[in-house]
Colleague: 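Questions regarding the structure given below will be posed in turn.
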Protein chains: 2
Amino acid sequence: MMQNMKLPGKTVERLSEYRRILLNLLAEKKNYIYSYELAALLHITAVQVRRDLMLIGYSSGARKGYDIRELVETIGRIIDSEEGLNVAIVGMGNLGRAVASYFRGKRSKLNLVASFDNDPQKINKVISGVKCFDIKTMEQTIRDLNISIAILTVPPDAAKNTCDEIVRYGIRGILNFTTVSLKVPPDVYLEEYDMITSIEKVAYFVKENLKTQG
Amino acid sequence: MMQNMKLPGKTVERLSEYRRILLNLLAEKKNYIYSYELAALLHITAVQVRRDLMLIGYSSGARKGYDIRELVETIGRIIDSEEGLNVAIVGMGNLGRAVASYFRGKRSKLNLVASFDNDPQKINKVISGVKCFDIKTMEQTIRDLNISIAILTVPPDAAKNTCDEIVRYGIRGILNFTTVSLKVPPDVYLEEYDMITSIEKVAYFVKENLKTQG
DNA sequence: ATCTTATTGTTAATAAAATAACAATGTTTT
DNA sequence: AAAACATTGTTATTTTATTAACAATAAGAT
Ligand SMILES: NC(=O)c1ccc[n+]([C@@H]2O[C@H](COP(=O)([O-])OP(=O)(O)OC[C@H]3O[C@@H](n4cnc5c(N)ncnc54)[C@H](O)[C@@H]3O)[C@@H](O)[C@H]2O)c1
Ligand SMILES: NC(=O)c1ccc[n+]([C@@H]2O[C@H](COP(=O)([O-])OP(=O)(O)OC[C@H]3O[C@@H](n4cnc5c(N)ncnc54)[C@H](O)[C@@H]3O)[C@@H](O)[C@H]2O)c1
């Protein structure tokens, strides 16, 4: 098994989702799970689950289902970085605070270590559990705290410049929530998400369903 | 051209993204755009853009690029519902408020007409521009205001029950931001999004890139 | 201990999505 | 007004993702 081969993005997404659900199940004291159960929880097929687990080389021993604890651990070995990676939120407004409060204490291998803003009201305060730094100190702070991932939640008109800055300061991955489409060098991984797209997609299928089903 | 054929979900997503970007460009007084320009803004290929537009039967006249205003209008005719659809946010916490403030005044065919919560502090107040109703009045309010789409942002432990309720009250599409995986009847369209998955995906590729590039 | 059964792991087949190839078309240049 | 050109619209091809099929395996039943 080529352990050093990059997994397809889709598989990585599902592995993250498997783990999220498995952790919930562990909390409910469930210890084993069948592929078809996990599939049903994610609205996918059991084959897909088994295929994904095959890709990461995980094998269950069979017939009793997967050992949830073990599987969570295996997924971690594949998708987490051993030493952990440090994350910052850039732009501590409505969305930034929501993300911070959600993120807090969730993932042991991804540490939310800082946020940045240009609002004097926010600078040097702890907001939603994370210290807010002056955006002017970003270069220094990113280096000092060894931050490699940024969650971008500044206003649209600040997005482009801010993105160029953080890339210059050594950020290697960006989750962009602004409505602005960014350009980054090929060695920086960029993921973009816009809620409006999700809502419009829902609306489209609702509309189509209403057309055919009344 | 089969106008009544459902488009692939991926195409619907891209159409929404095209429109978002085109509206930004219009605001900057740009009137025409080539397929390759639009593609670059979305990090996809020009062929994909042209293919999507072919699917919705849009034709440019050629060589001067697409008329942005016209294209925005055409996309609207395809993905929007003519009469508009009404949307509610269920759970007006950190994320609910962030979504509300983002949504406000954005889409003319999707109207954010209500939010629901069980916190007496919030009930009957206008929060982030939208009135917050008592969750107990949800059945009535959903019917009165003809709400067909819900954005679910309640705490995880309330998610399942709340989802069952809104489905019973006639909701036809749900955008689920809770970490709980929901089950809905086949005539209800469900879209789920978890930020942690996005961040873990970024982290995975950052890790892999660091391995190969130092 | 053997048989039955349920579930896995994996290869093969199918389906969906993306890309390439290129003729058609309208624009600009000469 | 013809030639050169850039860009589109569309079909064909390739690639990627999903699903189906099924032999292998281990748990439980007899
Ligand atoms: N709210 C949402 O649900 C949502 C959803 C999708 C996308 N977005 C986008 O995310 C971004 C943030 O949305 P929001 O609702 O949190 O907005 P917001 O105005 O509440 O927050 C923006 C924050 O960025 C800070 N800021 C402004 N300029 C800055 C700069 N140059 N450097 C650093 N910080 C700066 C502001 O002080 C503020 O704290 C926007 O681009 C918005 O379009 C929001
Ligand atoms: N904050 C984020 O960025 C983020 C991201 C992804 C997912 N989520 C998920 O979204 C949900 C909301 O997150 P949040 O940070 O806004 O939490 P929050 O606690 O700030 O907000 C939850 C809101 O729901 C209300 N509520 C509680 N029980 C309710 C009930 N039974 N009926 C109606 N309303 C009820 C609360 O009064 C509160 O206003 C959670 O499930 C969280 O896991 C949050």
Side-chain angles (χ1 to χ4, degrees), chain A residues 1-3 5-18 22 25 30-71 74-75 78 192 197 201 204-205 208, chain B residues 1-3 5-18 22 25 30-71 74-75 78 192 197 201 204-205 208:
Chain A
M1 229 266 310
M2 275 290 285
Q3 199 60 276
M5 191 180 56
K6 259 190 234 184
L7 296 167
K10 284 289 180 79
T11 296
V12 175
E13 286 180 17
R14 280 192 299 262
L15 289 172
S16 166
E17 287 163 3
Y18 296 155
L22 293 172
L25 293 174
K30 193 172 162 78
N31 290 313
Y32 288 88
I33 192 166
Y34 297 121
S35 59
Y36 60 84
E37 293 177 294
L38 188 48
L41 290 170
L42 273 139
H43 315 113
I44 60 176
T45 66
V47 187
Q48 183 121 74
V49 171
R50 298 206 298 272
R51 224 179 172 294
D52 285 335
L53 300 190
M54 187 189 83
L55 283 180
I56 65 172
Y58 182 70
S59 192
S60 72
R63 190 64 204 279
K64 195 86 205 186
Y66 301 95
D67 180 315
I68 296 183
R69 211 173 303 271
E70 217 174 271
L71 182 47
T74 306
I75 292 174
I78 299 289
E192 312 203 293
T197 293
K201 188 179 172 196
Y204 172 80
F205 286 107
E208 292 299 312
Chain B
M1 229 268 307
M2 273 292 285
Q3 198 61 273
M5 193 180 53
K6 259 191 234 185
L7 296 167
K10 284 289 179 80
T11 296
V12 175
E13 286 179 18
R14 281 192 299 263
L15 288 172
S16 167
E17 287 163 2
Y18 297 156
L22 293 172
L25 293 173
K30 192 172 164 76
N31 290 313
Y32 287 89
I33 192 166
Y34 296 122
S35 59
Y36 60 84
E37 292 178 293
L38 188 48
L41 291 169
L42 273 140
H43 314 113
I44 61 177
T45 67
V47 187
Q48 183 121 73
V49 171
R50 298 205 299 271
R51 222 177 174 294
D52 285 334
L53 299 191
M54 187 189 82
L55 283 180
I56 65 171
Y58 181 71
S59 192
S60 72
R63 189 65 203 279
K64 195 86 206 190
Y66 301 95
D67 179 316
I68 295 183
R69 209 173 304 269
E70 216 173 273
L71 182 47
T74 306
I75 291 174
I78 299 289
E192 312 204 293
T197 293
K201 188 178 172 196
Y204 172 79
F205 286 107
E208 292 299 311

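Atoms considered below: every heavy atom in the structure, side chains included; atoms not considered: hydrogens, waters and symmetry mates. Letters A, B, ... mirror the listed sequences (proteins, then strands); counts begin at 1.
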Colleague: Starting from C1' on D/dT8, measure out to CD on B/E37 and report it in whole angstrom.
Modeller: 14 Å
Colleague: From C/dA17, D/dA20, C/dT28, pick the nucleotide closest to the side chain of A/V47?
Modeller: D/dA20
Colleague: Tell me the interatomic distance from B/D52, atom CG, to C/dA16, atom P, rounded to whole angstroms.
Modeller: 16 Å
Colleague: Please find the pair of heavy atoms, one from B/S35 and one from B/R50, that lie closest to each other, and give the distance.
Modeller: OG-NH1, 3.3 Å
Colleague: Check the phosphate of D/dG28 against A/K64, side-chain N and O only, distance under 4.0 Å to OP1 or OP2. Yes or no?
Modeller: yes
Colleague: Roughly, in whole Å, what's the span from CG in A/L71 to P in C/dT8?
Modeller: 11 Å
Colleague: Whole-Å distance between C/dA6 P and A/Y36 OH?
Modeller: 10 Å
Colleague: Between C/dA18, C/dG9, D/dT8, which nucleotide gets closest to the side-chain atoms of B/S35?
Modeller: D/dT8
Colleague: Taking atom P of D/dT7 as reference, at what distance in whole Å does atom CG of B/L53 sit?
Modeller: 16 Å
Colleague: Looking at B/S59, I'd like to know whether one of its side-chain N or O atoms comes within less than 4.0 Å of OP1 or OP2 on D/dG9.
Modeller: yes
Colleague: May I have the distance from B/K10 (atom NZ) to C/dA15 (atom P), rounded to whole angstrom?
Modeller: 18 Å
Colleague: Measure from the side-chain heavy atoms of A/Y34 and tell me the nearest of C/dT7, C/dA12, D/dT8.
Modeller: C/dT7
Colleague: Please determine if a side-chain N or O atom of A/Y32 lies less than 4.0 Å away from the OP1 or OP2 oxygen of C/dT7.
Modeller: no
Colleague: Answer yes or no: is there a donor N or O on one side and an acceptor on the other, between the side chain of A/T74 and the main chain of A/E70, under 3.5 Å?
Modeller: yes
Colleague: Ignoring backbone atoms, establish whether A/T45 has a side-chain N or O less than 4.0 Å from OP1 or OP2 of D/dT19.
Modeller: yes
Colleague: Are any of the side-chain heavy atoms of A/K6 and B/F205 separated by less than 4.5 Å?
Modeller: yes
Colleague: To the nearest 0.5 Å, what is the distance between CG on A/L38 and OH on A/Y18?
Modeller: 6.0 Å
Colleague: Provide, to the nearest angstrom, the distance between the NE2 atom belonging to A/H43 and the C1' atom belonging to D/dT19.
Modeller: 18 Å
Colleague: Would you say the base of D/dT10 and the side-chain of B/R51 have a donor-acceptor pair closer than 3.5 Å?
Modeller: no
Colleague: Give, for atom CD of B/Q48 and atom CG of B/L53, the distance between the pair rounded to the nearest 0.5 Å.
Modeller: 10.5 Å
Colleague: Quickly work out the B/L38 CG to D/dT7 P distance and round it to whole Å.
Modeller: 14 Å
Colleague: Applying a 4.0 Å non-hydrogen cut-off, can you work out what A/T11 is touching in the nucleic acid: base, sugar-phosphate, or nothing?
Modeller: nothing
Colleague: Quick one: which of D/dT10, C/dA17, C/dG9 gets closest to the side chain of B/M54?
Modeller: D/dT10
Colleague: So if I take every side-chain heavy atom of B/R50 and compare against C/dT10, C/dA21, C/dA18, which nucleotide ends up nearest?
Modeller: C/dA21
